Amino acid sequence: MIANRDRRQLANGNTIPVIGLGTWKSEGEEAYQTVYSAIKLGYEHIDTASVYGNEVEVGQAIHDSGKERSKLFVTSKLWNDAVTYQGAIEALENSLSRLKMDYLDLYLIHWPNPVAVRENWQERNAEVWRAMEDLYKAGKVRAIGVSNFMPHHLRSLLESAKVKPMVNQIKLAPGIYQEEIVKLCQKEGILIEAYSPFGHGEVFKQEDLLDLSKKKAATPAQIALSWSLQHGFIPLPKSVHSERLKSNLIKEVISLTDEEMNFLDHLPDMGDAPNPDEKNY
Ligand SMILES: NC(=O)c1ccc[n+]([C@@H]2O[C@H](COP(=O)([O-])OP(=O)(O)OC[C@H]3O[C@@H](n4cnc5c(N)ncnc54)[C@H](OP(=O)(O)O)[C@@H]3O)[C@@H](O)[C@H]2O)c1
């Protein structure tokens, strides 16, 4: 049994609710309504990013929900246009101003290798990280981390970091199990958030997973989220429908055997995680 208030601990001792609400591709009134409903349904963890273009609506919904700020865990991410120390400081100020907040619970470097700095991403990340460390020390962000970092990006950052990233948010779903980076994060004590925990909706088309969910008398969403939680990840499911929002905040982890976990790790036809060294942004 898990309660929606169950939390995992970050390396700095802060805690994070085990399931978060994803908000990518949710904009305007839809983003507002989704976040507002989700908080009313019991979500305490909201994931946004400056590039999603919805921080204003996410922040407004949080304020209007009447939920105490200290009872919520809010994450945003620094986008690829921030490539310098000062750029990173300003990016956080702009996110806070759009969200109408005075701090974030978690701030992440969204992407390790922006196309504009492809020749010197190592320096950009070290520089931006220095700013993140200062924002963390100043209390503007209560935890700092990265997203889409593969082993070579993480190892490079760890060479100069004074504060170790506390989170790596990466694409993880049945059939998209990035074992090498998962193992490295676990070894370094970096908590892993699973973005696109339904493979952006692909899991619902996989006959093998649908069969397993019937066998376990569970929904496919429950199976995918249980796979994530059993691996120790923090899944960030996204939905704009209140019934799905409610059911995605699962109350019970379906216990999966080693064989079932292994089967889900290697579920075919789910595609791959994006390659941050090749994407054109
Ligand atoms: N750091 C990064 O680079 C990065 C990248 C991608 C995503 N993320 C984060 O991860 C979050 C989730 O990822 P995602 O948005 O790609 O996709 P996802 O959560 O894997 O899947 C969302 C899709 O599944 C559908 N869905 C949700 N719950 C369902 C249910 N119970 N039954 C059937 N269908 C269901 C949704 O439809 P409806 O909305 O119509 O219900 C939507 O089409 C994002 O919103 C974002 O916060 C981060």
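Not measured: the values here are computed from a predicted model. When a ligand or atom number is given, it counts from 1 through the structure's own listing order.
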Geometric class of the F233/Y177 ring pair [parallel <30°, tilted 30-60°, perpendicular >60°]: tilted
Rounded distance (nearest 0.5 Å) linking atom CD of E193 with atom OG of S228: 10.5 Å
N/O separation below 3.5 Å, W111 to ligand 1: no
Residue pair T15 / R7, side-chain donor-acceptor N/O under 3.5 Å: yes
Close approach, K25 and ligand 1, non-hydrogen under 4.0 angstrom: no
More than 12 heavy atoms from other groups under 6.0 Å of CD on E259: no
Note, N125 side chain near N113 side chain (heavy atom, < 4.5 Å): no
Atom 20 (O) of ligand 1 [closest protein heavy-atom partner, distance rounded to 0.1 Å]: F198 N, 2.8 Å
Atom 11 (C) of ligand 1: nearest protein contact (heavy atom, Å): L236 O, 3.1 Å
Side chain, backbone, both or neither: the part of T23 lying under 4.0 Å from ligand 1 by heavy atom: backbone
Atom 6 (C) of ligand 1 - nearest protein heavy atom and its distance: Y195 CD1, 3.2 Å
Residue and atom name of the nearest protein heavy atom (relative to atom 27 (C) of ligand 1), distance in Å to one decimal: K238 O, 3.0 Å
N/O separation below 3.5 Å, K77 to ligand 1: no
Any protein heavy atom nearer than 4.0 Å to atom 14 (P) of ligand 1: yes
